[in-house]
Amino acid sequence: MDISLKGKYALICGSTQGIGLATAKVLAGMGANCILMARNEESLKTVVQQLACDQDQQHRYQVADFSEKQQIETAIHQLTSTLKIAILVNNTGGPKSGPITEALPSDFESAFGQHLIGNQILVTAVLPGMKELGYGRIINIISTSVKTPLPNLGVSNTIRAAVASWAKTLSNEVGKFNITVNNVLPGLTETARLTSLMEQTAKNQQSEVSDVEKNMVKTIPMARFGKAEEIANVIAFLASPAASYVTGTSIRVDGGRTPSI
Ligand SMILES: NC(=O)c1ccc[n+]([C@@H]2O[C@H](COP(=O)([O-])OP(=O)(O)OC[C@H]3O[C@@H](n4cnc5c(N)ncnc54)[C@H](OP(=O)(O)O)[C@@H]3O)[C@@H](O)[C@H]2O)c1
């Protein structure tokens with residue numbers, strides 16, 4: 001099975017921590033030249049230093065805030081003017097939590113901009129290079145809420161569905177160029193995002209974070225949270241030559257938590 005990414009450029013968004021960071025580490029281990037993108041320049045510099053480079057890889061970073069359309073456009077055009085990106089991992093911070101009845105119109109607008117518009121800007125910029133390479137892997141990190149809406153994540157549930165529909169539409173248009181588009185749906189995964197969601201829930205319920213955690217774990221057939229590396233491994237497979245005939249799918253990596261088949 002060919003899982004080598006040697007010589008390929010991979011743009012991994014939201015890669016200073018959590019699932020994005022774990023993905024960058026796995027892709028670098030498979031030989032990819034990693035380009036990291038996020039807001040925090042100090043963290044980006046630190047992560048670049050941590051990535052494997054024993055296959056002559058050259059890693060780099062580009063600062064961009066996904067809530068600023070102009071910043072994404074500038075960052076991606078700087079990159080695509082000098083290199084062809086073969087792998088794009090669309091990932092950024094999750095939308096604000098809370099019930100949908102309390103969401104403001106501006107909450108939907110900002111989540112739509114950061115998630116869907118951001119992805120669209122990146123994709124349209126990398127597609128010409130992928131077509132020239134005859135190889136493209138677009139992997140969107142979304143959420144299991146694509147399969148079943150999650151409580152207290154009103155804005156997120158709404159925007160995630162839009163991203164999944166966008167991705168499926170895109171996969172139909174670009175498959176003939178040997179470009180695949182897939183979604184990875186993480187379940188409850190040990191990252192800063194999960195910690196902040198548990199803290200918020202504990203505050204709302206006036207309970208302890210440890211109790212919230214116990215109740216969450218009870219909902220998972222595998223009886224534990226996922227690790228960022230476990231999500232990254234699935235992303236890495238989709239990025240590899242081995243996943244050449246997988247497109248238009250949404251893959252749950254959730255320890256069996258999502259109730260539907
Ligand atoms: N962890 C879970 O249990 C879980 C479950 C389902 C879905 N997800 C989703 O999976 C995605 C990744 O989750 P995670 O747990 O890895 O999140 P995380 O630990 O909060 O990491 C988010 C990453 O995105 C970057 N980021 C945040 N806001 C950004 C912005 N405006 N512009 C550019 N970069 C930004 C952060 O870097 P900077 O701060 O340096 O910008 C960081 O590297 C999120 O969409 C999350 O909602 C997570």
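When a ligand or atom number is given, it counts from 1 through the structure's own listing order.
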Tested for side-chain contact (heavy atoms from CB on, under 4.5 Å) against Cys34, the lone hit among Thr23, Leu5, Leu27 is Leu27
Does a salt bridge link Lys45 with Glu42, judged by any charged N lying under 4.0 Å from a carboxylate O?
yes
Is there a side-chain contact between Tyr61 and Ile35 (heavy atoms, below 4.5 Å)?
no
Evaluate the side-chain proximity of Phe66 to Ile72: yes if any heavy-atom separation is below 4.5 Å, no if none is.
yes
Could you tell me, for ligand 1, which of its N or O atoms are under 3.5 Å from any protein N or O, listing the pairs and their distances rounded to 0.1 Å?
from, atom 1, to, atom 2, distance (Å)
ligand 1, 1 (N), Thr189, O, 3.2
ligand 1, 1 (N), Thr191, OG1, 3.0
ligand 1, 3 (O), Gly187, O, 3.2
ligand 1, 3 (O), Thr189, N, 2.8
ligand 1, 3 (O), Thr189, O, 3.3
ligand 1, 15 (O), Thr191, OG1, 2.4
ligand 1, 16 (O), Ile19, N, 2.8
ligand 1, 19 (O), Gln17, NE2, 3.0
ligand 1, 20 (O), Gln17, NE2, 3.3
ligand 1, 21 (O), Gln17, NE2, 3.4
ligand 1, 28 (N), Arg39, NH2, 3.3
ligand 1, 31 (N), Asp65, OD1, 2.9
ligand 1, 31 (N), Gln114, NE2, 3.4
ligand 1, 32 (N), Phe66, N, 2.7
ligand 1, 37 (O), Thr16, OG1, 2.8
ligand 1, 39 (O), Arg39, NH2, 2.9
ligand 1, 40 (O), Thr16, OG1, 3.0
ligand 1, 40 (O), Asn40, N, 3.1
ligand 1, 41 (O), Arg39, N, 2.9
ligand 1, 41 (O), Arg39, NE, 2.7
ligand 1, 43 (O), Gly14, O, 3.1
ligand 1, 43 (O), Thr16, N, 3.1
ligand 1, 43 (O), Thr16, OG1, 2.7
ligand 1, 43 (O), Gln17, N, 3.3
ligand 1, 45 (O), Thr92, O, 2.9
ligand 1, 45 (O), Arg160, NH1, 3.3
ligand 1, 45 (O), Arg160, NH2, 3.3
ligand 1, 47 (O), Arg160, NH2, 2.6
ligand 1, 47 (O), Arg193, NE, 3.2

Do Ile19 and Arg193 have side-chain heavy atoms sitting under 4.5 Å apart?
no
Using the test salt bridge (charged side-chain N to carboxylate O under 4.0 Å, His left out), find all partners of Glu213 that sit at least two apart in sequence or belong to another chain.
none
